[in-house]
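Here's the structure we're looking at; comments come further down.
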Amino acid sequence: MLNYNAEAAHYDATRGGVPRAEAAAEAVLGLVPDTARTLLDIGCGTGSVTQRLNRPGLRVHGADASYGMASIAAERVGRRIVLADVHQLPFQSGVLDAVTAVWLLHLGRITPQFIVAEVARVLKPGGVFITTVDKDAAHDVGSDIDALLTPHRTGIPSDRADLIESYAARHGMTPVDEARFTGHGQGRTPLAAADAVRRGRFASWFTLTGPPAEQLAAALAALPDLDRPRADPEYRLLALRKG
């Protein structure tokens, strides 16, 4: 898993920078009801998306568990950034019109069912939870990299859409809309994929370690055009409304 405090300083530069953040923010705002006045972006990271969730009359907050990430986000967004575990948000029940989670629920260090429950707690009746789902699946663009990775996939991704919908249903939230946006700058190269396999950074889909992981990494590193990015992924956003 990533050390997000250590990664904070150069995180945006390795994740598509401004173009990806702008695309994500535009798609998110398209799902936020016009009547919403308060929005909390959980797992906000460096605030690159959070700062772009601008709309007249909408007050935006952010929360992240990493001090390094939250510090950068606070420089961008101001005092409305809080250092907090997304499993236990520092907000009273039923006070928010919208909660967003972009590139969060797929992470192995979190438990989506508990996060969904916490989101339901802080949302007002009629409030909306907007989250990315099926993140790793989006990276399967049918490339030569994917042809090598696919046979090694194991388990069930923690952000699979049907799972998130089932967790939400337990708390009276139902799907109402969705959107898609391009992950600019996120097309994988064989070298980057090989490095990710060696470092265990495919935690939500792969459990390879030791020699099998090294063999897969070596196969990826033997592909042509090692530094050429394959196609960018297209991410999916799901909007769920609290009844």
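FYI, side chains are in, hydrogens and waters are out, and symmetry mates aren't considered; it's all heavy atoms of this structure.
Rounded to the nearest 0.5 angstrom, Leu220 CG and Asp195 CG are separated by 11.0 Å. Glu75 contributes atom CD, which lies 11.0 Å from atom CD of Gln51 (distance to the nearest 0.5 angstrom). Between the CD atom in Gln215 and the NE2 atom in His152 there is a gap of 8.5 Å [rounded to 0.5 Å]. The distance from the OG1 atom of Thr131 to the NE2 atom of His106 is 10.0 Å, given to the nearest 0.5 Å. Rounding to the nearest 0.5 Å gives a distance of 8.0 Å between CG of Leu29 and CG of Leu39. For the atom pair CD (Glu178) and CG (Leu31), the distance works out to 9.0 Å, reported to the nearest 0.5 Å.
Note on Val116: it does not cluster hydrophobically with Val176, by side-chain heavy-atom contacts below 4.5 Å among ILVMFWY residues. Leu191 and Leu223 are assigned to two separate hydrophobic clusters, defined by single-linkage of ILVMFWY side chains at heavy-atom distances under 4.5 Å. Side-chain heavy atoms closer than 4.5 Å link hydrophobic residues (I, L, V, M, F, W, Y) into clusters, and following such links, even through other members, never connects Leu53 to Ile81. Cluster annotation: Leu238 is connected to Ile156 through the hydrophobic network of ILVMFWY side chains, with a link wherever side-chain heavy atoms come within less than 4.5 Å. In the hydrophobic clustering of ILVMFWY residues, with side-chain heavy atoms under 4.5 Å counting as a link, Ile42 and Val77 come out apart.
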Please list every donor-acceptor pair under 3.5 Å in which a side-chain atom of residues 91-101 meets a protein atom from a residue at least two apart or in another chain.
residue, atom, partner, partner atom, Å
Ser93, OG, Arg121, NH1, 3.2
Asp97, OD1, Lys124, NZ, 3.4
Asp97, OD2, Arg37, N, 2.8
Asp97, OD2, Thr38, N, 3.1
Asp97, OD2, Thr38, OG1, 3.2
Thr100, OG1, Asp41, OD1, 2.9

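The shortest heavy-atom contact between Glu118 and Val86 is CG-O, 3.9 Å. Between Leu58 and Ala36, the closest heavy-atom pair is CD1-O, 3.6 Å. Here the shortest heavy-atom pairing between Ala193 and Ile145 reads CB-CG2, 3.9 Å. The heavy-atom pair separating Pro19 from His184 by the smallest distance is O-CD2, 3.4 Å. Shown here for Arg228 and Pro190, the closest heavy-atom pair between the two residues is O-CD, 4.0 Å. Across all their heavy atoms, Gly47 and Ala73 have their closest contact at N-CB, 3.7 Å.
You'll find the side chain of Val32 reaches within 4.5 Å of the side chain of Ile130, heavy atoms only. For the pair Thr132 and Leu104, the minimum side-chain heavy-atom distance is 4.5 Å or more. Looking at heavy atoms from C-beta onward, Leu89 lies out of side-chain contact with His61 at the 4.5 angstrom threshold. Looking at heavy atoms from C-beta onward, Val119 lies out of side-chain contact with Leu240 at the 4.5 angstrom threshold.
Here the side chain of Lys242 pairs a donor or acceptor atom with the backbone of Leu123 at under 3.5 angstrom. A donor-acceptor pair under 3.5 Å is absent between the side-chain atoms of Arg236 and the main chain of Ala161, judged by distance alone. Judged by distance alone, the side chain of Arg52 and the main-chain N or O of Ser48 form a donor-acceptor pair under 3.5 Å. Within the 3.5 Å criterion, the main-chain N or O of Ala65 finds no donor-acceptor partner in the side chain of Asp85. For the pair Ser158 (side chain) and Leu105 (backbone), a donor-acceptor distance under 3.5 Å is present. A donor-acceptor pair under 3.5 Å is formed between the side chain of Asp146 and the backbone N or O of Val141.
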| Hey, mind stepping through Arg76 and Thr50 against side chain to side chain donor-acceptor pair (under 3.5 Å) and telling me if it holds? | CA-CA 9 Å; Arg76 290 172 165 166; Thr50 319; over 6 Å; no

| query | Stepwise, does the side-chain contact (heavy atoms from CB on, under 4.5 Å) test hold for Arg188 with Leu149? | reply | CA-CA 12 Å; Arg188 288 178 177 146; Leu149 293 178; 4.1 Å; yes

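With respect to Arg230 and Asp144, a salt bridge is recorded, a charged nitrogen being found less than 4.0 Å from a carboxylate O.
Residue Arg241 qualifies as open at atom CZ: its count of foreign heavy atoms under 6.0 Å is 12 or below. The local environment of CG in Asp34 is sparse, with at most 12 non-hydrogen atoms from other residues, nucleotides or ligands closer than 6.0 Å. Annotation: Glu26, atom CD; neighbour count of heavy atoms from other residues, nucleotides and ligands within 6.0 Å does not exceed 12.
For Tyr235, the ring pair (Phe, Tyr, Trp, His ring centres under 6.0 Å) partners are Trp103, His139, Phe181, not counting sequence neighbours.
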